[in-house]
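Only one structure is covered here, and it is reproduced in the block below.
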Amino acid sequence: MDEQALLGLNPNADSDFRQRALAYFEQLKISPDAWQVCAEALAQRTYSDDHVKFFCFQVLEHQVKYKYSELTTVQQQLIRETLISWLQAQMLNPQPEKTFIRNKAAQVFALLFVTEYLTKWPKFFFDILSVVDLNPRGVDLYLRILMAIDSELVDRDVVHTSEEARRNTLIKDTMREQCIPNLVESWYQILQNYQYTNSEVTCQCLEVVGAYVSWIDLSLIANDRFINMLLGHMSIEVLREEACDCLFEVVNKGMDPVDKMKLVESLCQVLQSAGFFSIDQEEDVDFLARFSKLVNGMGQSLIVSWSKLIKSGDIKNAQEALQAIETKVALMLQLLIHEDDDISSNIIGFCYDYLHILKQLTVLSDQQKANVEAIMLAVMKKLTYDEEYNFENEGEDEAMFVEYRKQLKLLLDRLAQVSPELLLASVRRVFSSTLQNWQTTRFMEVEVAIRLLYMLAEALPVSHGAHFSGDVSKASALQDMMRTLVTSGVSSYQHTSVTLEFFETIVRYEKFFTVEPQHIPCVLMAFLDHRGLRHSSAKVRSRTAYLFSRFVKSLNKQMNPFIEDILNRIQDLLELSPPENGHQSLLSSDDQLFIYETAGVLIVNSEYPAERKQALMRNLLTPLMEKFKILLEKLMLAQDEERQTSLADCLNHAVGFASRTSKAFSNKQTVKQCGCSEVYLDCLQTFLPALSCPLQKDILRSGVRTFLHRMIICLEEEVLPFIPSASEHMLKDCEAKDLQEFIPLINQITAKFKIQVSPFLQQMFMPLLHAIFEVLLRPAEENDQSAALEKQMLRRSYFAFLQTVTGSGMSEVIANQGAENVERVLVTVIQGAVEYPDPIAQKTCFIILSKLVELWGGKDGPVGFADFVYKHIVPACFLAPLKQTFDLADAQTVLALSECAVTLKTIHLKRGPECVQYLQQEYLPSLQVAPEIIQEFCQALQQPDAKVFKNYLKVFFQRAKP
């Protein structure tokens, strides 16, 4: 072996050595006999360095996994012998190998097992057991090998080919027949031998039993001697968690419902008489979490048995199963209410399924009603935050609690299905008593009271949030609670969680304010003052900004009396904070977007006449325009890169805010009707000069482009005079990405204004194409993936542009570019259809070709186009699908082929028998297509139903490809 290269295996080696070791590993993997050196090194124990031993096993692993079939019988025998002699050596080693080496060795054994067990090594387990006997080191390796085999055979996370899956099934069947009873016996011996002396080996063995139980005959494990031993382990502190998991796997095994019921019941009796059901006596939370999982498994197993028995009509046994379930509910409740969330979380599945049973029963007994109420109280208690929860800096523990709360919410929703009246009454009771004394109540209790009201909105389903109409008792209960919420003063509670819950609930039940609009002013004040948008916590301010915009939008009809007051109060929150003023503004620019949108909504939806709306909109946008001009001048003069970026960001925010206000307009309230066209045209005039700024082009262009998109939607044709100069600036020294983002703007204008923009399109058509071709023809590094992807996306955008032009009935834009340019464009479309293996672009190209044939392919089409059809378009329809890269198993490619069929059909439609004659006599014979196939093809093409031809074409090319 290359000793120098082996030095690089040490994790502390420098990078040159490490590189050399990696290269050496690759070299050994491909060398036909290097593995033998590694096998010898392992068998002879040549190296003491752990990393070298691991490395040798890795080389062997590669050999067994990928090259085993290439080895001779003698070489395969050598690998078997190497592993067995390594195993024998472990019995004598003064020190056991490191865990990572033992695990890697077990993996290699497992790989060899799945490869050879059915053919060359049926005595695999016998050979291993005869080496290890009951030697603790040997047993450790034997158990690791068993776990590695289990994960090769049944691990759901490993993706197996169908061939491997068949092989694994065969191996398991053969093992069940030939060796499983012996393996089970060996486990029993190991457990009996080591249960008091070697907890590590015993736990490993329990893990093996738990893993194999799912696919072996359960009676081998679920019998008195085994179960009694497992129950004995439940009382040994170092074994009981593993024993619990093992019993869980036994209980989880699929079996006959009556047998399962008996098994679970006998287990429960033993566990109960051994005192395991006395949860409050137990202090070890890790064990209780496992025990909770076991009880959950037992409960869910009984519920599955009950469902099966009900389905099969076995009412007597179903009744017994239900009885068995009911007797576990008290224990379930103890675990559900446990202060440790892991213990509680592990039992939620049983609880959820139990409620599902109750939902199906027509009448509930008093005990069952009491159970429902107890679950409800448990959920309410467990939803509560604890003292340790860190609201300012949420970490992993907090994230886990949020997840746990989601599980509890599912329980609450299920409770609502079982007994909506009870849930409503319980929440109302908790809510009312808490809010009566909120000033003296701890924050977590106030938060949970409001949270429960919030959760009712989803738990008690209604259409479109109509909680305050329909069922009178429900509506009045919710109305009472909402009234209490807004009038109690709880919005002043000094804790962020309560404040946020308050605003979330207000917005969730916004329909309340259409019923009792008198509460709107005090809620608006809460939003606008130190409780909401001016709160000391940035998190609260940010969330309130979003919620405020939702509140105003949903209640816009009720907002009229407050509009000017709100606009005055939010004035300071609308300020664009330039980088140099140093003071930290209350809201981030993202939050300000919501405030600008809210201002826009208030103005546009107001009942004011158009001139008033215009004046208010001008007040809103003029400060942005003025700031914009000043900042743009500063940017032109800025030397320092960092300052340039922050100024450009600020300019971009200004444009973004103006864009966002325009979201308030709709078909019912257009910019024109509101008299606001002039204000937005002024904005356009203010923002467009940024396009010619040579600095920070990317940031500025993207902002202005978005604004233009919005204005095309809002301003109608008034925007058109600005488009030519904007386009000219955006096409100056641009990159692939700029063009890619510019083309959708042109597509939007073309599709919307069609013939109105024809002169502009004709004028800018070739400059745009030159810019695109210039970028596409730039040389790039051969393996530069991102450059290749950018070009692919630009090519798609280019074809999408041509599709928009032709699809909007404006083919004259192309036709008027002069014969030479027209031909150049058409050739690029043919190239796109045939040469680039990009089915999305190919599909677009065939759509363009169909459209052009439809427009120009008749007798009165442009001179020379008919020739082009036969010389280029028809061949493209065959050459593209015949390419190796045209994969007919790919969905996008099939769509491209479908458009190719449409193109051929359109040619036939426009050129008639002449097209069929050309295919029959010239083109298809030139491709060496057999005469009978040519006949068949032309018949399919002439079918009136286009679908018939599409299906035929797919079959035609499937046959044609080797």
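What's counted below: heavy atoms across the whole structure, side chains too, no hydrogens, waters or symmetry copies. All residue numbers in this chain count up from 1 along the given sequence. Computed from a prediction, not measured in an experiment: that's the story for all the values here.
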Quick check, are the ring centers of W187 and F226 under 6.0 angstrom apart?
->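 No, they do not, as the ring centres are separated by 6.0 Å or more.
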
Centroid-centroid distance, Y117 to F124, less than 6.0 Å =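 Aromatic pair excluded; centres sit 6.0 Å or further apart.
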
Interatomic distance, [X] atom [atom1] to [Y] atom [atom2] [nearest 0.5 angstrom]:
| X | Y | atom1 | atom2 | value |
| --- | --- | --- | --- | --- |
| I227 | L247 | CD1 | CG | 6.0 Å |
| I221 | L230 | CD1 | CG | 8.0 Å |
| Q58 | H51 | CD | NE2 | 11.5 Å |
| I375 | I337 | CD1 | CD1 | 10.5 Å |
| T202 | I236 | OG1 | CD1 | 8.0 Å |
| Q204 | L146 | CD | CG | 10.0 Å |

Check whether any side-chain heavy atom of [X] sits under 4.5 Å from a side-chain heavy atom of [Y], and report yes or no.
| X | Y | answer |
| --- | --- | --- |
| L183 | M175 | yes |
| V64 | T115 | yes |
| V448 | M380 | no |
| N783 | E781 | yes |
| W86 | L141 | yes |
| N168 | V154 | no |
| L206 | D245 | no |
| L143 | I190 | yes |

[atom1] ([X]) with more than 12 external heavy atoms under 6.0 Å:
| X | atom1 | value |
| --- | --- | --- |
| M91 | CE | yes |
| F126 | CZ | no |
| K409 | NZ | yes |

Could you tell me which non-hydrogen atom of [X] sits nearest to which non-hydrogen atom of [Y], and how far apart they are?
| X | Y | value |
| --- | --- | --- |
| D353 | Q300 | OD2-NE2, 2.9 Å |
| S305 | P257 | OG-O, 3.2 Å |
| C244 | F287 | SG-CE1, 4.0 Å |
| S235 | F276 | OG-CZ, 4.1 Å |
| G210 | C246 | N-SG, 3.9 Å |
| L42 | T82 | CB-CG2, 4.4 Å |

[X] and [Y] ion-paired at < 4.0 Å:
| X | Y | answer |
| --- | --- | --- |
| K382 | E339 | no |
| E403 | K406 | yes |
| D217 | R176 | no |
| E70 | K67 | no |
| R102 | E97 | no |
| D284 | R240 | yes |
| K328 | E265 | yes |
| E185 | R225 | yes |

Got a donor-acceptor contact below 3.5 angstrom from the [X] side chain to the [Y] backbone?
| X | Y | value |
| --- | --- | --- |
| Q75 | T72 | yes |
| D887 | A889 | yes |
| N346 | S292 | no |
| S344 | H338 | no |
| Y212 | M147 | no |
| D342 | A289 | no |
| S199 | Q195 | no |
| Q192 | Q189 | no |
| N223 | L220 | yes |
| E152 | A110 | no |

Evaluate side chain to side chain contact (heavy atoms under 4.5 Å, CB included) for D50 paired with K53, printing each intermediate quantity in order.
-> CA-CA 5 Å; D50 292 332; K53 291 183 215 172; 3.8 Å; yes

Are E116 and Y68 close enough that a side-chain donor and a side-chain acceptor fall under 3.5 Å?
-> yes

Donor on one side chain, acceptor on other, Y354 and E326, under 3.5 Å = yes

Please determine if R144 forms a cation-pi arrangement with F109, meaning its NZ or CZ atom is less than 6.0 Å from the six-membered ring centre and no more than 45° off the ring axis.
->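 Ring-cation test returns no.
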
Does the cation-pi check pass for K293 over F248, that is, NZ or CZ under 6.0 Å from the six-membered ring centre and within 45° of its axis?
-> yes

Verdict with supporting geometry, I303 and I357, side chain to side chain contact (heavy atoms under 4.5 Å, CB included) = CA-CA 8 Å; I303 289 172; I357 290 187; 3.8 Å; yes

Please walk me through it: do Y385 and R405 pass side-chain hydrogen bond (donor to acceptor under 3.5 Å, both in side chains)?
-> CA-CA 10 Å; Y385 286 112; R405 256 186 154 189; 3.2 Å; yes

Candidate pair Y389 and E394, rule side-chain hydrogen bond (donor to acceptor under 3.5 Å, both in side chains), full reasoning | CA-CA 8 Å; Y389 192 97; E394 292 175 311; 2.7 Å; yes

Which class fits the ring pair H62 and Y66: parallel under 30°, tilted 30 to 60°, perpendicular over 60°?
-> tilted

Report the C-alpha separation of E249 and S214 in whole Å, then their side-chain angles, then the decisive distance to 0.1 Å, and conclude whether the side-chain hydrogen bond (donor to acceptor under 3.5 Å, both in side chains) test is met.
-> CA-CA 7 Å; E249 295 300 341; S214 70; over 6 Å; no

Could you please spell out the steps behind the side chain to side chain contact (heavy atoms under 4.5 Å, CB included) verdict for L153 and T169?
-> CA-CA 8 Å; L153 294 180; T169 303; over 6 Å; no

Run the side-chain hydrogen bond (donor to acceptor under 3.5 Å, both in side chains) check on N103 and Q107 step by step: do they pass?
-> CA-CA 6 Å; N103 286 339; Q107 275 174 340; over 6 Å; no

Side chain to side chain contact (heavy atoms under 4.5 Å, CB included) assessment of K539 paired with E392 | CA-CA 9 Å; K539 185 176 163 185; E392 291 315 307; 5.9 Å; no

